[in-house]
Amino acid sequence: MSRHPYLPHTEEDIQTMLGRCGATTLDDLYADVPDALRLKEPYRLPAPMSEPELERYFADIASQNRRLLCFAGAGFYNHYTPAAIPSLMARSEFLTAYTPYQPEISQGTLQYIFEYQSMMAELTGLDISNASMYDGATATAEAMLMAVNSVRKKRRILVASTVAPAVQQVLATYAAGPGITIEVIPEDGGVTDRTAFEAMLGAGDVAGVIVSQPNYYGIVEDYDGWADTCHSSKALLIMNCHASTLGALRSPGEWGADIACGEAQSLGMPLNYGGPYLGYLCCRENLIRKMPGRIVGATTDAEGRRSFVLTLQAREQHIRRQKATSNICSNQGIMTLHAAFYLALMGAEGLRKVNTLSYNAAHALADALCDTGMMRLKYPDKPFFNEFAIETIEPLSADALLAACLKKGILAGVRLSDSSILVAATEMNSPADIALCAETVKSLKS
């Protein structure tokens with residue numbers, strides 16, 4: 001019999017598996033875990049409850065959460081989720097099998113992936129989109145690997161220092177295994193130093209260059225000519241962009257980029273304590289064979305009806321490590337569905353309106369904070385979109401400001417240093433919200 005009621009392994013099964021592992025007991029499998037970190041008592045779980053009791057239990061826990069007025073961003077933004085999306089996502093023709101290998105029973109899943117790919121390709125101005133990645137950071141890391149695999153015998157990647165620090169950390173993790181060298185292009189006044197970029201590229205052996213738009217500080221950088229400079233050295237230009245902003249800003253394709261990647265959470269996905277989110281990855285057609293993950297294509301069946309299938313990949317792409325383009329071969333399917341519905345419901349006009357409202361709110365907030373006499377823009381001569389870096393004026397510190405706002409129920413931003421924070425606004429922030437934040441800051445005058 002199994003030692004656990006919901007696990008099928010018998011004692012004989014367990015001993016057979018332990019023998020294959022060269023272990024005697026199950027405890028041997030955890031020998032490398034320090035004894036001080038190992039659980040030595042049963043889990044502290046409450047007694048069994050009825051369904052109503054369980055609902056009340058979790059409702060009580062949830063009631064302890066504070067709902068804050070959000071002006072934090074740094075890559076993840078508080079955008080509105082259209083009410084229709086949760087209902088549409090629950091429809092059975094879409095919410096079907098996790099892995100759509102059998103097209104005859106997965107047409108709903110395959111269709112929404114195809115529609116998502118089509119809209120993301122249009123949004124980025126590039127030819128091809130895959131069926132999504134886990135998040136924006138891993139999507140950027142996969143773009144880096146695409147560049148190295150596409151440009152032979154080149155192992156250097158240049159990354160702008162204005163790319164989000166968390167993304168840079170993930171890039172470094174991915175680069176360690178295959179022996180890729182990452183070099184950071186310095187910034188000058190909040191934007192990437194073009195002179196340094198050209199000098200570093202000119203040193204040779206560069207497979208790709210990664211930049212952000214808008215950058216980590218919310219600044220809209222000018223990348224005119226960057227693609228030509230990269231291509232003259234046979235390097236690829238990779239642009240990391242927040243998906244929503246592509247509804248208003250010049251697309252990566254228009255900048256001449258070869259690969260676009262980034263976080264798609266801004267397409268109406270709730271912040272939800274950190275996820276799940278969605279990474280997107282798009283490229284030019286000549287790079288399609290280097291792209292990881294799934295790609296869905298449209299075709300016709302034996303009766304001439306339009307249908308959808310996985311295309312350009314063998315099953316080995318997903319089950320044989322040594323044959324795979326990448327070893328992240330799954331995707332955030334439910335969040336892909338969310339993004340597809342959001343883009344379809346909003347359309348080009350709706351997406352432009354969301355970005356216009358966010359832009360206006362951010363600029364109104366920046367003006368209001370500066371008018372308090374307690375703060376000033378960190379990069380006053382640089383154009384920003386819906387996010388900006390702002391400095392406190394002595395004796396006010398960033399920590400004191402954030403703490404005071406938190407007491408008023410305001411998440412005022414993300415700390416950059418002792419005297420600066422990163423502040424964002426979206427269509428969710430009303431003029432009254434902006435006034436409350438500014439009044440709270442103004443009240444800190446000594």
Side-chain angles (χ1 to χ4, degrees), residues 113-133 136 139-140 142-147 149-151 157-160 162-163 167 191-192 194 197 201 207-215 219-264 266-267 278-293 295-298 312 336 339-340 342-344 346-352 354-355 383 385:
I113 291 175
F114 179 82
E115 302 294 355
Y116 162 84
Q117 291 173 177
S118 300
M119 289 185 282
M120 290 307 300
E122 183 176 355
L123 201 59
T124 59
L126 294 173
D127 304 313
I128 306 294
S129 168
N130 74 357
S132 84
M133 311 300 292
T140 309
E142 292 291 340
M144 172 184 71
L145 297 179
M146 284 179 65
N149 293 333
S150 300
V151 183
I157 293 289
L158 305 183
V159 181
T162 56
V163 170
V167 174
V191 298
T192 312
R194 181 160 187 162
F197 150 68
L201 186 65
V209 177
I210 302 176
V211 297
S212 281
Q213 185 74 313
N215 72 20
I219 296 170
V220 180
E221 296 202 36
D222 181 1
Y223 292 117
D224 268 332
W226 282 60
D228 291 338
T229 303
C230 289
H231 297 158
S232 66
S233 296
K234 300 191 184 316
L236 302 183
L237 178 62
I238 301 166
M239 295 191 72
N240 175 293
C241 308
H242 305 312
S244 178
T245 64
L246 296 176
L249 295 176
R250 191 173 172 183
S251 72
E254 291 172 312
W255 287 113
D258 301 283
I259 303 173
C261 55
E263 182 56 61
S266 56
L267 299 179
L278 175 71
Y280 72 89
L281 185 61
C282 303
C283 69
R284 297 200 180 277
E285 187 173 3
N286 63 310
L287 297 173
I288 190 171
R289 293 288 183 179
K290 303 297 183 183
M291 175 175 274
I295 299 172
V296 173
L312 293 178
T336 304
Y342 181 86
L343 290 170
M346 300 298 288
E349 182 178 348
L351 206 53
R352 278 194 299 271
V354 164
N355 280 282
F385 198 65

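We number each residue from 1, following the sequence as shown. The structure displayed is predicted, hence computed values, not measured ones.
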Please give me the minimum heavy-atom distance between G247 and L351, naming the atom from each residue.
CA-CD2, 3.8 Å
Just jot down the salt bridge (charged side-chain N to carboxylate O under 4.0 Å, His left out) partners of D224, sequence neighbours excluded, or say none.
R250
Nearest heavy-atom contact between A257 and A227 is N-CB, 4.4 Å
Those residues that, when tested against N286, pass side-chain contact (heavy atoms from CB on, under 4.5 Å) (two or more places apart)
R284
Output every pair passing salt bridge (charged side-chain N to carboxylate O under 4.0 Å, His left out) with a member in residues 235-248, not counting sequence neighbours, ordered by first then second residue.
none
Take the angle between the ring planes of Y223 and W255 and call it parallel below 30°, perpendicular above 60°, tilted in between.
perpendicular
Supply the atom-to-atom distance C282 SG to L123 CG, rounded to the nearest 0.5 angstrom.
8.0 Å
Are the side chains of L287 and L236 in contact, using a 4.5 Å heavy-atom criterion?
yes
Any non-hydrogen side-chain atom of F385 less than 4.5 Å from a side-chain atom of N355?
yes
I need the M120 CE to L281 CG distance, nearest 0.5 Å.
10.0 Å
Side-chain donor/acceptor of E221 to backbone N/O of T192, under 3.5 Å:
yes
For the backbone of C241 and the side chain of Y280, can you confirm whether one donor and one acceptor N or O come within less than 3.5 Å of each other?
yes
For T124 and S251, does a side-chain donor sit closer than 3.5 Å to a side-chain acceptor?
no
How many angstroms lie between atom CD1 of I295 and atom CG of N130, to the nearest 0.5 angstrom?
6.5 Å
Show the numbers, then the answer: is there a side chain to side chain contact (heavy atoms under 4.5 Å, CB included) between T162 and V191?
CA-CA 7 Å; T162 56; V191 298; 5.6 Å; no
Closest non-hydrogen contact found for A147 with G208 is CB-CA, 4.2 Å
For residues Y116 and A131, report the shortest heavy-atom separation together with the two atoms involved.
CE2-C, 4.3 Å
Within-4.5 Å side-chain heavy-atom neighbours: L145 and P292
no
Distance (rounded to the nearest 0.5 Å) between L278 CG and S132 OG
5.0 Å
S233 side chain vs C230 backbone, donor-acceptor pair below 3.5 Å:
no
Calculate, to the nearest 0.5 Å, the distance between atoms OG and CD1 belonging to S118 and I128 respectively.
9.5 Å
Less than 4.5 Å apart, side chain to side chain, heavy atoms only: is that true for L158 and L201?
yes
For S244 versus V354, what's the shortest heavy-atom pair and its separation?
OG-CG1, 4.4 Å
Would you check, one step at a time, whether the test side chain to side chain contact (heavy atoms under 4.5 Å, CB included) holds for T229 with F197?
CA-CA 10 Å; T229 303; F197 150 68; 3.9 Å; yes
Using atom types as modelled and distance alone, determine if a side-chain donor or acceptor of D258 lies under 3.5 Å from a backbone N or O of C283.
no
Output yes when a side-chain donor or acceptor of T245 lies under 3.5 Å from a complementary backbone atom of H242, and no otherwise.
yes
Interatomic distance, CE@M119 vs CZ@F114, rounded to 0.5 Å, equals 10.5 Å
Q213 side chain to N240 backbone, donor-acceptor under 3.5 Å
no
If we only count heavy atoms from C-beta on, is the M146 to I238 side-chain gap below 4.5 Å?
no
Under 4.5 Å between any side-chain heavy atoms of L343 and E122, yes or no?
no
Smallest separation among heavy atoms of M291 and S129, with atom names:
SD-C, 4.1 Å
For the backbone of V296 and the side chain of Q117, can you confirm whether one donor and one acceptor N or O come within less than 3.5 Å of each other?
yes
